[in-house]
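Within every chain, numbering begins at 1; the chains are lettered A, B, ... in the order of the sequence lines, protein sequences first and strands thereafter.
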Amino acid sequence: MILNNSGLSDFRITDTGTDPLTNSRNILKDFKFDTIVATGYGRHLAKAHLGCPVITEIKAYALGAHSLFPQCRTVIDIGGQDSKIIKVKDGLVEDFEMNDRCAAGTGKFLEVMAHTLGYTLNNLGEEALKAEGSVPISSMCTVFAESEVISLIARGEQPRNIALGLHESILNRLMSMLGRVGFEDEVVFAGGVAKNRCIAALLGKRLRKKILIPQEPQIVGALGAALLSDKQRR
Amino acid sequence: MANHEKMWQELGLDVELHNELLKSIDRTFQQTVGAQKNRPEGMKYFDNVLHESHGGRVAELLDVKAKGNKVIGTFCIYVPDEIAMAVDITPIALCGGTNFSVPYAEKMFPRDICPLVKSTLGLAFSKTCPYAPIKNMAVGETTCDAKKKTWEILAGKVNFHVMEVPQKKEEPDIKLWHKEVREFKDKVEGLAGKKVESKRLAETIEIMNDKRRALQKLNELRKHDPPPISGLDALVVMQAALNDEPVRFTETLNQLNDELEERIEKGISPFTKGVKRIMIAGCPAVMGNWKVHWLVETSGAAIVGDETCTGSRYFENLVDETAKDLVGQLSALAERYMKINCACFTPNTDRIEGVVKKAKESNVQGVVQYILQYCHGYNVEAIRVDGALKQANIPSLKIETDYSEEDVGPLRTRVEAFLERLG
Ligand code: SF4
Ligand code: SF4
């Protein structure tokens with residue numbers, strides 16, 4: 001994510017891969033910059049090798065979401081390996097909740113399920129939205145849910161309906177997390193999973209609210225980090 | 001420690017596995033406690049207590065036994081050491097803080113009980129606990145469910161006494177506890193083959209009170225900004241307190257306290273002034289377990305207080321030393337121990353108020369509630385503690401975790417985000 005005086009100027013997204021450091025170095029080659037800040041799971045690796053300051057993705061998402069939607073009070077961030085609920089006040093983190101151990105209900109979960117159902121991560125949500133009914137899934141563990149889905153297919157259930165069931169089970173989990181921290185308007189949905197239209201639609205329905213989704217939900221954290229770096233520079 | 005191999009063999013330990021255990025604990029120690037900078041000189045002694053806990057200290061206890069005296073193992077700070085010491089019995093805390101032994105307990109026990117119980121049992125089951133063969137008696141208590149049920153299994157194998165710790169703190173409960181303390185006296189008298197004399201009990205009460213006073217002093221010194229000692233080192237001192245010979249421990253701790261006063265005067269600290277101050281509240285972190293203290297302090301904050309059984313619950317409240325006779329002394333002891341606010345009690349309002357009070361006294365910006373996974377008492381109580389802290393405008397973060405390293409990545413994110421939030 002590159003910021004200039006008039007705001008966001010450019011960004012790149014790449015898979016973390018097995019060598020995140022080389023990946024980031026390769027990206028950095030294409031750009032000129034004054035300062036950098038690292039956020040996310042590899043932040044300390046970047047700090048050690050690139051000598052940059054770090055902030056957590058929690059603070060970064062709060063800052064990023066606030067800059068895109070100044071009225072934002074709650075950020076729901078579902079990424080590849082975890083989900084977080086962040087309560088925001090004036091761009092600052094007021095409270096947060098996050099899962100520690102398990103990939104249930106995250107991007108990784110959706111990826112495995114899409115594969116099992118013969119879809120891609122990109123069309124899984126679209127297909128689920130076309131479902132005529134929903135087949136409930138009881139397992140939230142990626143491994144157990146996979147075998148549950150396989151046996152549902154074997155029973156002749158429609159893949160679309162199973163897909164909708166999967167999305168609903170993610171929502172159930174999310175709702176209990178939301179219940180723990182509480183939420184206030186406006187609610188911003190970010191992170192890679194926010195690209196999934198089915199989750200977004202279900203979320204709006206459950207919360208009975210309009211959910212704000214950034215155009216590029218994956219880079220909200222990077223935007224927040226860049227904004228902070230800019231502020232610290234001044 | 002190699003020179004202790006013969007002793008371990010004679011004790012019937014699985015020496016090979018035991019060597020692996022020591023290596024594993026030492027690795028964790030070096031990565032956490034050992035990796036700190038600017039530690040007080042006086043910490044050398046306490047590091048050594050931990051290092052020698054399976055070596056030199058065991059040899060000492062074998063000497064104790066050679067003189068015809070007895071050793072008992074305990075699992076909770078509710079057991080009044082003074083009474084055992086008065087008949088020359090050495091009490092030793094047997095709680096396990098290492099992940100190494102957990103799988104050995106899981107062979108027999110359900111996975112979903114707290115890591116402290118599993119670690120302790122795993123050490124005994126895998127023949128790597130040198131105290132298991134030494135102790136003449138083990139003393140359990142009716143605190144949490146995991147422990148209560150564990151005693152039933154252990155009781156078949158060793159000489160076991162269970163103290164009934166009540167669940168409430170009302171009149172009948174207090175009466176029951178006084179009776180339990182008197183029965184404990186009878187029990188240790190039987191084991192030692194001698195009577196508890198009032199004069200000797202007065203001495204052991206003073207020994208333990210002195211130890212508490214020294215620990216209270218350490219707690220006071222940590223209130224300074226910046227604290228002269230890290231929270232991780234203060235934890236090492238506490239872990240040593242549960243294992244070391246008390247008189248020697250107190251003497252060396254008093255020296256450490258002197259050094260810390262000097263460090264305050266000279267402005268020496270592992271931290272800089274204005275460092276974010278955190279208090280830990282909740283479950284004990286016994287020897288081998290440095291995880292959460294290490295996580296918090298390597299994320300840039302200082303732990304300046306512990307409201308745990310390896311913290312204030314162990315050393316706050318002295319035993320009244322003015323009682324004249326045995327009856328009075330026993331009831332003074334019962335009174336002091338009854339003041340421990342463990343989450344096994346209901347209601348436990350005193351603890352909740354105490355957390356807020358201590359957080360204020362230590363001038364912390366935030367509280368980390370440390371919950372050992374599957375410890376339902378502290379985990380559920382965390383909700384009320386969190387509420388009380390919120391009312392006092394003190395943010396808190398609950399960390400529920402076991403001894404493994406698998407969740408360190410996400411936990412670090414949570415701790416860092418919590419610290420960022422403290423401004
Ligand atoms: S937490 Fe409760 S049961 Fe455990 S050692 Fe402390 S007082 Fe005893
Ligand atoms: S930490 Fe909790 S569950 Fe574990 S032994 Fe202590 S009181 Fe029991």
Check whether more than 12 heavy atoms from other residues, nucleotides or ligands sit under 6.0 Å from atom NE2 of A/H115, and answer yes or no.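 Not buried by this count: 12 neighbours or fewer within 6.0 Å.
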
field: Part of A/I86 within contact of chain B (heavy atom distance under 4.5 Å)
entry: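 The answer is neither part of A/I86.
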
Worksheet entry | Smallest separation among heavy atoms of B/T413 and A/I58, with atom names |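 Result for this residue pair: CG2-CD1, 4.1 Å.
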
Check whether any side-chain N or O of B/R414 sits under 3.5 Å from a backbone N or O of A/M98 as a donor-acceptor pair, and report yes or no.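 Side chain of B/R414 to backbone of A/M98: no pair is present.
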
Applying side-chain hydrogen bond (donor to acceptor under 3.5 Å, both in side chains), name anything that partners B/K23, two or more places apart in sequence or on another chain.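 Expected list: none.
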
Query raised in the report: Roughly how far, to the nearest 0.5 Å, is the CZ atom of A/F96 from the CD atom of B/E420?
Result: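 Spacing of CD (B/E420) from CZ (A/F96) equals 9.0 Å.
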
Answer yes or no: is there an ion pair linking B/E416 with A/R43, defined by an N-O contact shorter than 4.0 Å?
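Result for this pair is yes, salt bridge flagged.
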
By ring-ring contact (aromatic ring centres under 6.0 Å, His included) - contacts of A/F183 (at least two apart) =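 If we apply the ring-ring contact (aromatic ring centres under 6.0 Å, His included) test to A/F183, skipping adjacent residues, there are no hits.
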
Using a 6.0 Å cut-off, check whether atom CZ of A/F31 has over 12 heavy atoms from anything other than its own residue.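 Atom CZ in A/F31 is crowded, with more than 12 foreign heavy atoms closer than 6.0 Å.
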
*asked:* Would you compute the distance between atom CG of B/D386 and atom CG of A/D95 and round it to the nearest 0.5 angstrom?
replied: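 Going from CG on B/D386 over to CG on A/D95, the span is 7.5 Å.
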
Can you confirm whether more than 12 heavy atoms, excluding those of A/Q232, are under 6.0 Å from its CD atom?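 Atom CD in A/Q232 is crowded, with more than 12 foreign heavy atoms closer than 6.0 Å.
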
Side chain proximity check, B/R412 to A/T56, heavy atoms < 4.5 angstrom: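 Counting from C-beta outward, B/R412 and A/T56 never come under 4.5 Å.
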
### Query
Where does B/I383 contact chain A at under 4.5 Å (heavy atoms): side chain, backbone, both or neither?
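It is neither, since no heavy atom gets under 4.5 Å.
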
Quiz item: So how far is it from A/R180 CZ to B/K398 NZ, rounded to the nearest 0.5 Å?
Solution: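 So the CZ of A/R180 and the NZ of B/K398 are separated by 7.5 Å.
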
| task | Mark yes when over 12 heavy atoms from residues, nucleotides or ligands other than A/D10 sit less than 6.0 Å from its CG; otherwise mark no. | result |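 Yes - once you tally the heavy atoms of other residues, nucleotides and ligands closer than 6.0 Å, there are more than 12.
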
>> Please determine whether side-chain contact (heavy atoms from CB on, under 4.5 Å) holds for the pair A/K59 and B/L419, giving the CA-CA distance in whole Å, both sets of side-chain angles, and the decisive distance to 0.1 Å.
In response: CA-CA 10 Å; A/K59 184 172 182 177; B/L419 296 176; over 6 Å; no

More than 12 heavy atoms of other residues, nucleotides or ligands under 6.0 Å from CD of B/Q30: is that the case?
->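 Counting other residues, nucleotides and ligands, CD of B/Q30 exceeds 12 neighbours.
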
